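When reading the values below, keep in mind they use all heavy atoms of this one structure, side chains included, and skip hydrogens, waters and symmetry mates. Given the structure is predicted, the values throughout are model-derived calculations rather than measurements.
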Amino acid sequence: FVLNSGQQYAASPLAFKYLAELAISGLSPSAGPIDGHTLVRLTGGRFDEGYDRRCRFGVPPGLPLNVSAQASVVPASLDANGRDLLCVTPPTAAGAVPVEVTLNGQQYSNTSARIHTYPAPRVSSYSPSSGPMDGGTVVRLYGAYAGGVVRQCRFKSLAPGAPKAAALVPASLSTEAAHALVCVAPPFASFAGASSSRTDVQVEVTLNAQQFSSDGVSYRYFPSQRVSSVSPATGLVSGGTLVRVSGEHLFQTWQSRCRFTSANFDHIVPSTYLSPTAIQCTAPNTNGTSLLRPVLLDGSFNSTTRLHGTA
């Protein structure tokens with residue numbers, strides 16, 4: 001280091017280290033809501049060599065790399081292994097947002113890394129609102145789900161002391177309805193505990209496996225239905241037989257159905273509620289094949305007992 005005379009140098013030299021040019025080879029997740037708060041993991045070069053680590057989001061094309069104007073700069077830290085960088089996204093506009101890093105607070109990387117930001121997911125309606133404790137109910141959640149890469153539904157117990165608190169299940173965009181996500185309700189005991197007396201849970205969605213919607217969607221589990229007998233067990237192939245199905249945990253709902261099915265026949269008909277242990281329905285016209293008769297309640301084939309009969 002030069003002294004004021006421009007000739008003599010300090011007797012005790014100070015260290016200055018040159019670093020290789022920075023590059024980002026990957027980031028995860030690659031999407032997050034415009035509200036920010038997404039924890040992003042960046043992989044690439046020797047991120048452990050710097051002393052002033054930062055992430056920069058939203059630099060317009062052509063802006064000098066050492067200028068942070070019109071960008072959001074946030075602190076970054078090494079992960080537990082000391083290799084990858086972690087930083088939390090700030091609020092941004094929707095779209096493909098450039099991401100760069102610096103290890104000295106001045107020079108930034110110059111790569112094509114992008115995080116795709118989207119409006120936070122919102123659930124406006126859903127169907128059905130309940131299902132059996134065995135799980136398996138297909139739930140459709142209608143709302144705004146633009147963007148995202150990892151779609152999931154979270155079923156969260158509202159009961160105090162639940163052993164696992166929540167269950168995450170995959171979700172997919174509906175092929176039958178626009179602006180709808182579809183997921184399958186998990187078994188109640190898998191996250192809420194078999195002895196839990198509170199059977200209403202909260203369902204929210206995420207598009208990046210981190211931030212979830214906060215619309216307070218309530219879903220209720222009810223005891224899974226079981227059917228034990230059918231009377232009569234025979235009927236004419238022309239249909240019209242009034243069939244009484246006995247079982248347990250049967251209750252009145254406008255979605256209650258009976259399903260008559262065999263290898264080459266599958267027909268669903270309305271049912272009439274009689275009591276918590278019985279419903280009745282009218283056998284449809286068949287081709288004379290052997291039939292299986294499980295009860296359908298609440299829009300899903302929830303009975304696990306199949307009853308054999310002949311037409």
Side-chain angles (χ1 to χ4, degrees), residues 27-41 88-89 91-97 114-159 162 164-192 196 198-222 224 253-257 268 296-302:
L27 74 163
S28 177
S30 60
I34 59 176
D35 300 339
H37 308 295
T38 300
L39 179 63
V40 178
R41 176 182 295 271
V88 177
T89 61
T92 66
V97 178
R114 300 285 189 275
I115 184 169
H116 296 268
T117 56
Y118 50 82
R122 294 288 181 266
V123 180
S124 56
S125 63
Y126 60 104
S127 178
S129 60
S130 60
M133 288 189 173
D134 288 344
T137 301
V138 177
V139 181
R140 288 176 172 81
L141 301 110
Y142 302 91
Y145 309 116
V149 290
V150 182
R151 302 179 180 93
Q152 295 176 324
C153 293
R154 181 180 67 188
F155 288 72
K156 184 177 182 180
S157 174
L158 299 177
K164 194 176 176 182
L168 291 176
V169 296
S172 60
L173 292 173
S174 173
T175 58
E176 301 174 356
H179 310 297
L181 282 183
V182 177
C183 56
V184 177
F188 181 73
S190 68
F191 66 97
S196 176
R198 185 167 184 176
T199 59
D200 55 319
V201 301
Q202 192 174 74
V203 183
E204 302 293 355
V205 301
T206 179
L207 305 181
N208 70 345
Q210 279 195 36
Q211 286 99 340
F212 288 81
S213 57
S214 56
D215 299 295
V217 172
S218 180
Y219 179 86
R220 182 175 61 86
Y221 281 91
F222 53 74
S224 297
T253 168
W254 65 271
Q255 293 176 310
S256 178
R257 304 285 189 272
I268 299 172
L296 171 69
L297 284 177
D298 205 56
S300 301
F301 299 105
N302 296 327

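In this structure, CZ in R220 is found 6.0 Å from OG1 in T199, a value given to the nearest 0.5 Å. Distance check, rounded to the nearest 0.5 Å: CG of L141 to OG of S127 gives 9.5 Å.
Counting heavy atoms from C-beta on, the side chains of I115 and L27 come closer than 4.5 Å. Residues L181 and L173 form a side-chain contact, since some pair of their non-hydrogen atoms from C-beta on lies under 4.5 Å apart.
For T117 (side chain) and A93 (main-chain N/O), a donor-acceptor pair under 3.5 Å exists by modelled atom type. Under a 3.5 Å cut-off, the side chain of Q210 and the backbone N or O of G32 do not form any donor-acceptor pair. Side chain of S213 to main chain of V205: a donor-acceptor pair is present (N/O by atom type, distance under 3.5 Å, no hydrogens or angles). A side-chain donor-acceptor contact under 3.5 Å links Q211 to the backbone of H37.
Nearest heavy-atom pair, S174 versus V182, reported as atom, atom and distance to 0.1 Å: CB-CG2, 3.6 Å. Closest of all the heavy-atom pairs between D215 and P121 is OD2-O, 4.2 Å. V138 approaches P128 most closely through the heavy-atom pair O-CD, 3.4 Å. Between A180 and Y142, the shortest heavy-atom distance links the atoms CB-CD2, 3.5 Å. Annotation for T137 and G131: closest pair OG1-CA, 3.6 Å, computed over non-hydrogen atoms. Heavy atoms only, all atoms of each residue included: V149 and S30 are closest at CG1-OG, 3.7 Å.
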**OP:** Go through T38 and V88 one step at a time and tell me if the side chain to side chain contact (heavy atoms under 4.5 Å, CB included) criterion holds.
**Re:** CA-CA 5 Å; T38 300; V88 177; over 6 Å; no

**OP:** Evaluate side chain to side chain contact (heavy atoms under 4.5 Å, CB included) for T89 paired with V40, printing each intermediate quantity in order.
**Re:** CA-CA 7 Å; T89 61; V40 178; 3.5 Å; yes

**OP:** Could you give me the CA-CA distance, side-chain angles and deciding distance for L207 and Y118, then say whether side chain to side chain contact (heavy atoms under 4.5 Å, CB included) is met?
**Re:** CA-CA 9 Å; L207 305 181; Y118 50 82; 3.5 Å; yes

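When the ring pair (Phe, Tyr, Trp, His ring centres under 6.0 Å) test is applied to Y221, the partners found at least two apart in sequence or on another chain are F188, Y219. Not counting sequence neighbours, A144 has no partner by the side chain to side chain contact (heavy atoms under 4.5 Å, CB included) test. With sequence neighbours excluded, the residues forming a side chain to side chain contact (heavy atoms under 4.5 Å, CB included) with V150 are Q152, A209, listed by chain and number. Residues passing the side chain to side chain contact (heavy atoms under 4.5 Å, CB included) test with V169, sequence neighbours excluded: C153, F155, C183, P186. Here S214 pairs with nothing under the side chain to side chain contact (heavy atoms under 4.5 Å, CB included) rule; sequence neighbours left out. Taking the side chain to side chain donor-acceptor pair (under 3.5 Å) definition, one finds that T206 meets it with N208, sequence neighbours left out. Applying the side chain to side chain donor-acceptor pair (under 3.5 Å) test to R140 and every residue at least two apart in sequence or in another chain returns E176. In this view, D35 satisfies the side chain to side chain donor-acceptor pair (under 3.5 Å) rule with no residue, not counting sequence neighbours.
The salt bridge (charged side-chain N to carboxylate O under 4.0 Å, His left out) pairs that include a residue from residues 142-158 number zero, where partners must be two or more places apart or lie in different chains.
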